[in-house]
Protein chains: 2
Amino acid sequence: MTESARQTRVSDAYARLREDIRSNRLPPGFQAPEPEIAMRLGMSRTPVREALIRLEADGLVELVPRRGARVLPIRADDMREIYDILTSLEPDAAAAVAARNPTPEQLAPVEVAMADMEHALAAEDLDRWADADDRFHLSLLDLHGNRRLRGFIHALYDQAHRARIVTLRMRGTPVRSTEEHRQILAHLRAGDAEATRRVFRAHRRRASAELLNILEKYKLGQL
Amino acid sequence: MTESARQTRVSDAYARLREDIRSNRLPPGFQAPEPEIAMRLGMSRTPVREALIRLEADGLVELVPRRGARVLPIRADDMREIYDILTSLEPDAAAAVAARNPTPEQLAPVEVAMADMEHALAAEDLDRWADADDRFHLSLLDLHGNRRLRGFIHALYDQAHRARIVTLRMRGTPVRSTEEHRQILAHLRAGDAEATRRVFRAHRRRASAELLNILEKYKLGQL
DNA sequence: AAATAATTTAATGTATACATTAAGGGGATT
DNA sequence: AATCCCCTTAATGTATACATTAAATTATTT
């Protein structure tokens with residue numbers, strides 16, 4: 001659904017349902033038949049069905065015959081899957097960016113996200129920090145330019161969003177993550193592909209182990 | 001669309017269109033409005049629309065407003081994107097499998113694919129070889145067990161299928177690829193994660209460079 | 001011949017009708 | 001209390017009607 005595409009009921013339904021899922025207004029496990037969802041959104045079943053098919057493709061819901069759409073929970077296993085994939089993909093993508101010796105202009109969105117991250121940390125504003133964290137990672141993907149990679153990782157971020165938001169305050173202030181991002185950015189500026197890859201990968205491993213430990217410690221079997 | 005799901009017009013439309021695209025019966029760039037596609041498949045527009053949404057999510061078509069569905073070509077750039085992703089994901093997945101010290105039973109599907117590859121090579125049957133090659137890679141993913149990874153890579157294989165089939169006979173007999181698969185399997189049997197990763201990654205790099213060179217040499221800008 | 005305007009055609013997006021069938025509920029039986 | 005049977009309800013899958021609008025075609029003007 002491109003920004004330039006004209007607004008349709010399908011795109012409206014898609015955006016609203018996606019945002020309700022991401023914000024836990026439609027919590028994991030929530031299930032409703034199509035007529036009910038259509039009524040909630042004030043439209044007929046047809047655009048709702050189409051939106052649900054797209055959300056299913058994004059891994060946010062499953063369509064259960066005769067029971068409607070169910071918001072998929074994110075279990076510890078799911079987060080492990082997602083982090084395994086990100087740990088393979090993101091460091092290689094970042095290393096490829098570093099290998100190109102990106103200009104300061106090209107790195108600007110990453111720099112802005114880094115600066116926002118630092119400010120949010122200083123202000124102890126975890127929500128702003130999380131947003132800046134997302135932008136750091138995703139702007140690197142934009143810079144990298146592989147569209148399939150970008151699409152897939154966006155979908156994984158959507159799926160992981162709730163688990164990350166819910167556990168954010170359980171993880172302590174993200175001093176270490178911020179420092180690791182700083183190191184990654186320093187290596188990017190230096191055009192050092194191997195160092196970028198190494199530090200990024202270590203960051204992903206540490207951060208994902210931390211979150212998975214929390215999910216297991218607090219018995220958050222699913223979110 | 002699970003195997004166990006009952007057959008619907010949607011699933012029928014999806015399977016038929018997907019197979020027509022993969023086999024070039026609907027070639028890249030082919031474009032038709034929904035009513036025409038519905039007529040071809042002998043059903044109404046509704047199930048066709050749903051099937052097309054799923055095919056769009058799979059990256060095989062794009063839905064063009066007022067112009068119907070267009071079969072996406074695979075350009076050299078696309079193949080490069082796909083191979084970059086596979087070169088990051090597959091070696092790590094295979095290394096993770098090796099690290100578990102898989103039993104001979106667990107490795108059986110990979111062994112069968114390997115044996116089929118050898119036989120196909122001896123018989124100079126490139127189509128059978130390509131099929132066995134697919135099964136080698138995909139059965140490793142099944143063994144690995146990461147569902148998101150598996151789903152994504154299946155979609156990439158679907159997208160890459162035509163380019164690989166069309167260029168198969170231009171690449172010469174895949175003696176080298178077969179040897180590399182043998183080495184990968186030997187390291188898997190030995191439970192050597194690092195060697196599995198290294199050889200797999202080298203294999204991916206060489207094989208993708210070869211195919212991309214052919215796409216550029218023969219000016220096959222798109223397929 | 002080319003450009004522009006007007007008209008016609010047809011695709012899409014959406015709503016809804018309808019047949020099928022699965023789920024849910026209630027009553028009877030064990 | 002548990003299970004089974006029957007009936008009712010309602011969800012889904014699909015077809016099609018319909019309004020809107022974009023593309024295509026035709027007519028007119030330059």
Side-chain angles (χ1 to χ4, degrees), chain A residues 1-21 25-73, chain B residues 1-21 25-73:
Chain A
M1 219 113 335
T2 61
E3 294 304 296
S4 59
R6 71 183 180 82
Q7 192 68 9
T8 62
R9 288 220 188 281
V10 177
S11 58
D12 183 37
Y14 175 86
R16 284 161 72 184
L17 289 169
R18 176 175 173 267
E19 200 44 47
D20 284 350
I21 291 166
R25 284 196 292 275
L26 292 182
F30 171 86
Q31 183 169 302
E34 289 169 18
E36 182 181 325
I37 299 174
M39 188 179 301
R40 273 181 179 240
L41 297 179
M43 60 182 75
S44 77
R45 282 172 50 217
T46 311
V48 169
R49 251 184 101 71
E50 293 199 17
L52 290 173
I53 293 170
R54 294 179 192 279
L55 289 163
E56 185 181 43
D58 290 345
L60 293 177
V61 305
E62 70 172 344
L63 299 179
V64 189
R66 293 268 171 198
R67 293 186 185 282
R70 186 172 84 90
V71 177
L72 286 170
Chain B
M1 221 114 332
T2 60
E3 292 305 297
S4 60
R6 71 183 180 80
Q7 192 67 11
T8 62
R9 288 218 188 281
V10 178
S11 59
D12 183 38
Y14 175 87
R16 284 163 69 185
L17 289 169
R18 175 174 174 269
E19 200 42 48
D20 284 350
I21 290 166
R25 285 196 292 276
L26 292 182
F30 172 86
Q31 183 167 302
E34 287 168 20
E36 181 181 328
I37 299 174
M39 187 179 302
R40 272 183 183 239
L41 297 179
M43 58 183 75
S44 76
R45 283 171 48 218
T46 311
V48 169
R49 249 183 104 70
E50 293 199 17
L52 290 174
I53 293 170
R54 294 179 192 277
L55 289 164
E56 185 180 46
D58 290 343
L60 293 178
V61 304
E62 69 173 347
L63 299 181
V64 188
R66 293 262 170 205
R67 294 189 183 281
R70 185 171 84 92
V71 177
L72 285 170

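Reminder, nothing fancy here: chain letters follow the sequence lines and each chain counts from 1.
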What's the separation between atom CG in A:Leu55 and atom CD1 in A:Ile21, rounded to the nearest 0.5 Å?
5.0 Å
Got a sec, which residues hit salt bridge (Lys or Arg N to Asp or Glu O under 4.0 Å) with A:Arg25, two or more places apart in sequence or on another chain?
A:Asp20
Separation of D:dT14 P from B:Ile53 CD1 (nearest whole Å):
13 Å
With a 4.0 Å limit, can you tell me whether A:Ser44 has a side-chain N or O closer than that to the phosphate oxygens OP1/OP2 of C:dA15?
yes
Taken in chain and number order and not counting sequence neighbours, the residues that satisfy salt bridge (Lys or Arg N to Asp or Glu O under 4.0 Å) with B:Arg40 are none
Taking the basic N atoms (NZ, or NE/NH1/NH2) and the acidic carboxylate oxygens, is any pair closer than 4.0 Å for A:Asp58 and A:Arg54?
no
Using 0.5 Å steps for rounding, measure from the CZ atom of A:Arg49 to the CD atom of A:Glu34.
4.5 Å
List the protein contact pattern of nucleotides 7-13 of chain C with one symbol per nucleotide (5' to 3'): B for base contact, S for sugar-phosphate-only contact, - for none; contact means a heavy-atom distance under 4.0 Å.
---BBBB
